[in-house]
Amino acid sequence: MDLRELAKAARGKLHLLTSEEQELLLMELEELEIREDKERCRNSYIAFVKKMWPGFIPGRHHDIVAKAFEDVINGKIKRLIINMPPRHAILTSMKVPTLSGMKTMADLEVGDLVFGPDGQPVKVVGKSEVFKDRVLYQVTTDDGASITVDGEHLWTVRLNRKRNVYRDYTTEQLWRRQNGEVLRTKRSSQAEFVKGKTQKNPRLPMLPA
């Protein structure tokens, strides 16, 4: 019998006890609940986070990160590196396809279903604050599509038509390249601007049909 069942059974028989016995039993149940809560937080990182921040809304990536932390604590893995993509701004007026039709970023709500990179619907689990005073850039891909986004937004694109290599660049870098500067990637994967001829617009990866 777990704690909830035990507490329910005990409270159902409180009328059979004296007031002193009732008070003692309730104190013991509260203490037992506290101990069980502590044990749950020790064994589950997500449970600990929810306890400390009751308004926290976990996503799938949180579960993956939490499992990795627990594996470190339990000695299953010795080294751990976690890379999280940065959050960058896009226009609040930008329209996003959802299962309920097109919605602007401003109108999206927690619980809406939008489409992920694989074309499958995923649930919106949270919204960030609206960023202000950001420098925005308009970039254009080789199919003529344009978008205006934050200067530090990352894009995975192919710049060299002779090499099928995709790398990450910021919106600002692509905007500067679009406006006449030549962008080159070193062997160290660092990007730099050099003199040369203007190249064609970047190409985004092909999505599976």
Side-chain angles (χ1 to χ4, degrees), residues 44-47 49-50 53-71 80-179 183 185 189 191 199-209:
S44 170
Y45 186 74
I46 289 294
V49 173
K50 288 182 177 180
W53 295 277
F56 172 72
I57 303 175
R60 286 183 298 174
H61 62 293
H62 294 122
D63 293 331
I64 296 173
V65 171
K67 177 62 166 56
F69 288 160
E70 292 164 9
D71 286 345
L80 175 65
I81 297 177
I82 297 178
N83 294 317
M84 295 293 289
R87 295 187 305 171
H88 299 305
I90 59 177
L91 293 176
T92 55
S93 59
M94 177 181 175
K95 292 186 176 181
V96 178
T98 75
L99 290 185
S100 301
M102 300 295 290
K103 285 190 174 183
T104 64
M105 288 294 296
D107 292 334
L108 278 178
E109 299 178 353
V110 173
D112 284 340
L113 293 173
V114 299
F115 294 95
D118 59 357
Q120 298 300 313
V122 294
K123 183 180 293 185
V124 176
V125 297
K127 289 186 67 173
S128 68
E129 70 276 16
V130 176
F131 302 116
K132 299 180 179 179
D133 302 322
R134 291 293 188 96
V135 178
L136 302 178
Y137 296 86
Q138 183 182 68
V139 292
T140 304
T141 55
D142 64 340
D143 61 356
S146 297
I147 187 172
T148 303
V149 292
D150 181 86
E152 296 183 358
H153 192 97
L154 292 177
W155 297 85
T156 301
V157 296
R158 172 182 170 183
L159 299 182
N160 192 329
R161 298 303 174 88
K162 296 181 181 179
R163 298 177 58 198
N164 189 29
V165 177
Y166 289 84
R167 299 183 184 276
D168 293 334
Y169 301 95
T170 67
T171 306
E172 181 180 3
Q173 289 172 329
L174 296 180
W175 182 86
R176 288 176 61 181
R177 183 179 184 274
Q178 176 181 306
N179 285 273
L183 179 61
T185 305
S189 296
Q199 297 173 313
K200 293 183 179 180
N201 287 330
R203 173 176 292 177
L204 293 170
M206 295 293 292
L207 295 178

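The figures here come from the full heavy-atom set of this structure, side chains too, leaving out hydrogens, waters and symmetry mates.
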Worksheet, complete the sentence: Sorted by chain and residue number, the ring pair (Phe, Tyr, Trp, His ring centres under 6.0 Å) partners of Y169 (sequence neighbours excluded) come out as none

Worksheet item: With a 4.5 Å limit on heavy-atom distance, are the side chains of I46 and D63 in contact?
Response: yes

Fill in: Value rounded to 0.5 Å, distance of OG1 in T171 from NE2 in H153
6.0 Å

Discussion item. Using a 6.0 Å cut-off, check whether atom NZ of K103 has over 12 heavy atoms from anything other than its own residue.
Written reply: yes

Worksheet, complete the sentence: Nearest heavy-atom approach of V122 to G116 is CG2-N, 4.1 Å

Fill in: Contacts of type side chain to side chain donor-acceptor pair (under 3.5 Å), residue Y137, not counting sequence neighbours
none

Worksheet item: Roughly how far, to the nearest 0.5 Å, is CD of Q178 from CD of Q173?
Response: 13.5 Å

Item to complete: Would you give the length of the straight line joining atom OG1 of T156 to atom CZ of R167, rounded to the nearest 0.5 angstrom?
Response: 11.5 Å

Worksheet entry | With sequence neighbours excluded, residues passing side chain to side chain donor-acceptor pair (under 3.5 Å) with T148 | none

Name each donor-acceptor pair under 3.5 Å that joins a side chain in residues 89-102 to protein atoms two or more places apart or in another chain, with its distance.
| residue | atom | partner | partner atom | Å |
| --- | --- | --- | --- | --- |
| T98 | OG1 | S100 | N | 3.0 |
| T98 | OG1 | G101 | N | 3.3 |
| T98 | OG1 | G101 | O | 2.5 |

Worksheet item: Mind checking what makes salt bridge (charged side-chain N to carboxylate O under 4.0 Å, His left out) contact with R176, not counting sequence neighbours?
Response: E181

Discussion item. Using side-chain heavy atoms (C-beta onward) and a distance below 4.5 Å, is W175 in contact with V135?
Written reply: no

Practice prompt. Work out which heavy atom in T170 is nearest to a heavy atom in G151; give both atom names and the distance.
Written response: CB-O, 3.5 Å

Discussion item. If you count every heavy atom of other residues, nucleotides or ligands that lies below 6.0 Å from Y45 atom OH, does the total exceed 12?
Written reply: no

Worksheet item: In a check of side chain to side chain contact (heavy atoms under 4.5 Å, CB included) between L174 and each of L159, N179, V149, which one passes?
Response: L159

Fill in: Nearest heavy-atom neighbours spanning E70 and S44
OE2-CA, 3.4 Å

Item to complete: Please list, chain by chain and in numerical order, all residues satisfying salt bridge (charged side-chain N to carboxylate O under 4.0 Å, His left out) with K67, sequence neighbours excluded.
Response: D71

